[in-house]
2 protein chains.
Amino acid sequence: MALSTSDDAGRYHHGDLRRALLDAGARLLRAGGVDAVTLREAARAAGVSHNAPYRHFVSREALLAAVSAEGFRDLRRRLEAADGGPKANAIGLGHIYLRFAAEERPHFLLMFGGVIDKADFPDLAEAAAAALAVLDRAVSGGGAESAAAETLRAWALVHGLAHLVAERQITPETARAVLGEEPRPPFR
Amino acid sequence: MALSTSDDAGRYHHGDLRRALLDAGARLLRAGGVDAVTLREAARAAGVSHNAPYRHFVSREALLAAVSAEGFRDLRRRLEAADGGPKANAIGLGHIYLRFAAEERPHFLLMFGGVIDKADFPDLAEAAAAALAVLDRAVSGGGAESAAAETLRAWALVHGLAHLVAERQITPETARAVLGEEPRPPFR
DNA sequence: ACCTGAACACCGTTCAAGT
DNA sequence: ACCTGAACACCGTTCAAGT
């Protein structure tokens with residue numbers, strides 16, 4: 001009550017311009033790919049002047065990095081929801097990964113497009129690492145030899161399949177078939 | 001003699017503006033990534049007016065598609081040079097693939113970035129298919145069951161590793177270690 | 001602190017001409 | 001056929017103000 005008064009909500013045009021810009025960015029990304037994500041269009045969607053976004057993002061790249069980070073958090077959530085559930089195994093997580101690439105193709109391409117340098121955006125780097133850590137735990141069992149050859153092999157296979165799907169070089173069905181449906185052993 | 005007189009060579013400013021634009025595009029790509037490839041800059045590099053390129057490429061995307069197609073032809077050449085030689089096996093080709101991703105990172109990201117729709121550029125689609133056919137032959141042995149599960153699995157693994165290298169998520173050395181050094185059996 | 005409006009240097013793309 | 005120059009509608013980014 002003390003912190004969320006109607007006064008607070010009215011401090012910005014939208015209560016939270018950053019949130020509005022992020023949502024607009026995700027919408028533009030889904031609608032037209034990375035190139036369609038522009039600061040000016042996001043500002044327009046949020047109903048503010050074309051350079052109000054600079055109060056929240058230092059550059060267009062920073063907005064893209066933030067949208068990408070949200071994608072990694074979404075991926076992580078999906079992986080964690082499956083983990084511990086009926087799909088608590090490496091193959092199951094592989095299928096989640098494939099599904100994410102198919103359902104959120106523009107996000108996937110942004111997240112793994114190699115265009116945004118994670119070194120410049122610590123929040124993005126952290127979100128990416130957190131999502132991939134879920135995969136790592138599932139494959140290596142959380143042992144000391146984390147990120148070992150087995151994990152990398154499994155990750156590379158799934159990632160390669162996901163990317164080939166995103167590029168429309170293979171169909172999602174084909175990818176699923178290659179990955180296999182059996183719950184165990186992991187990935188192969 | 002009849003066709004390649006000095007008269008012909010002087011028909012364009014560069015003898016071959018298309019070639020000059022393609023070279024400029026590749027140079028810009030290597031120097032600054034996909035975003036740095038612009039029709040106006042390519043025109044500037046070729047010493048022509050900003051809209052002379054439209055005589056050879058219908059759009060910026062068409063230039064990018066052509067540069068991408070050249071990348072696929074380069075990749076194919078590398079794969080074929082290794083094929084039949086001392087590395088005439090699937091693992092060997094996998095290493096060539098990895099090397100291409102590391103050495104020509106910007107090209108690799110453009111070629112497999114999912115931004116250019118191959119359906120719109122038949123020449124690009126053909127160049128890509130030709131390069132991947134070399135891999136397919138090496139893995140499936142050219143049998144009738146081309147592009148079978150084994151080929152896809154091998155391709156996805158190598159492609160995933162290559163892409164993770166391009167994204168700087170893993171080092172080229174790690175990728176090589178995961179792929180393995182032994183000449184046989186293929187990939188695993 | 002947060003937002004606006006004008007301005008600058010770029011783009012891709014189109015059009016009317018020039019040779 | 002091939003190229004030029006002007007023009008239009010976009011960008012990202014910066015700056016000087018306004019509240």
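Just so we're on the same page: letters track the sequence lines, and every chain starts at 1.
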Considering residues, nucleotides and ligands other than Glu126(A), do more than 12 of their heavy atoms fall under 6.0 Å from its CD?
no
Tell me, yes or no, whether the heavy-atom count around Arg168(B) atom CZ, taken from other residues, nucleotides or ligands under 6.0 Å, exceeds 12.
no
Length of the [atom1]-[atom2] vector between [X] and [N], whole Å:
X	N	atom1	atom2	answer
Tyr54(A)	dT4(C)	OH	P	14 Å
Arg18(B)	dC2(D)	CZ	P	12 Å
His56(B)	dA1(D)	NE2	P	13 Å
Glu41(B)	dC10(C)	CD	C1'	11 Å
Arg19(A)	dC2(C)	CZ	P	17 Å

DNA chain C: 5'-proximal contact among Glu61(B) and Ser49(A) (nearest heavy atom)
Ser49(A)
Is it true that Phe108(B) and Phe72(B) have ring centroids separated by less than 6.0 Å?
no
Validation: residues 156-165 of chain B side-chain donor-acceptor distances under 3.5 Å, sequence neighbours left out:
{"unit_1": "His159(B)", "atom_1": "ND1", "unit_2": "Tyr97(B)", "atom_2": "OH", "d": "2.9"}
{"unit_1": "His159(B)", "atom_1": "NE2", "unit_2": "Glu167(A)", "atom_2": "OE2", "d": "3.4"}
{"unit_1": "His163(B)", "atom_1": "ND1", "unit_2": "Glu167(B)", "atom_2": "OE2", "d": "2.3"}
{"unit_1": "His163(B)", "atom_1": "NE2", "unit_2": "His163(A)", "atom_2": "NE2", "d": "3.2"}

NZ/NE/NH1/NH2 to OD/OE distance under 4.0 Å, Arg77(A) and Glu80(A)
no
Flag the pair Arg78(A) and Asp74(A) as a salt bridge only when some basic side-chain nitrogen lies within less than 4.0 angstrom of an acidic carboxylate oxygen.
yes
Looking at Ala166(A) and Leu109(A), what are the two nearest heavy atoms and their distance?
CB-CD2, 3.9 Å
Arg76(B) to Val134(B) - nearest heavy-atom pair and separation:
CG-CG2, 4.1 Å
May I ask you to decide if Val178(B)'s main-chain N or O and Arg153(A)'s side chain share a donor-acceptor pair within less than 3.5 Å?
yes
For the pair Asp16(B) (side chain) and Arg19(B) (backbone), establish whether a donor and an acceptor sit closer than 3.5 Å, ignoring hydrogens and angles.
yes
Is there a residue in residues 31-39 of chain B whose heavy atoms reach under 4.0 Å of DNA chain C, and which residues are they?
Thr38(B), Leu39(B)
Bracket string, DNA chain C, 5' to 3' - pairs by Watson-Crick or G-U geometry under 3.5 Å, | interstrand
||.|||||...|||||.||
Pairwise distance CD(Gln169(B)) to CH2(Trp155(A)) - rounded to 0.5 angstrom:
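Here the interatomic distance stands at 4.5 Å.
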CD on Glu70(B) to CG on Leu75(B), rounded to 0.5 Å
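It is 13.5 Å, given to the nearest 0.5 Å.
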Tabulated below should be each protein N or O lying under 3.5 Å from an N or O of nucleotides 15-19 of chain D; please produce it.
{"unit_1": "dC15(D)", "atom_1": "N4", "unit_2": "Asn51(A)", "atom_2": "ND2", "d": "3.3"}

Show which side-chain atoms of residues 29-40 of chain A pair as donor or acceptor with protein atoms under 3.5 Å away, not counting sequence neighbours.
{"unit_1": "Arg30(A)", "atom_1": "NH1", "unit_2": "Glu104(A)", "atom_2": "OE1", "d": "2.7"}
{"unit_1": "Arg30(A)", "atom_1": "NH1", "unit_2": "Glu104(A)", "atom_2": "OE2", "d": "3.4"}
{"unit_1": "Thr38(A)", "atom_1": "OG1", "unit_2": "Arg40(A)", "atom_2": "N", "d": "3.4"}
{"unit_1": "Thr38(A)", "atom_1": "OG1", "unit_2": "Glu41(A)", "atom_2": "N", "d": "2.9"}

Can you check whether Arg44(B) has a side-chain N or O nearer than 4.0 Å to OP1 or OP2 of dC11(C)?
yes
Distances for protein N/O vs nucleotides 7-9 of chain D N/O pairs under 3.5 angstrom?
none

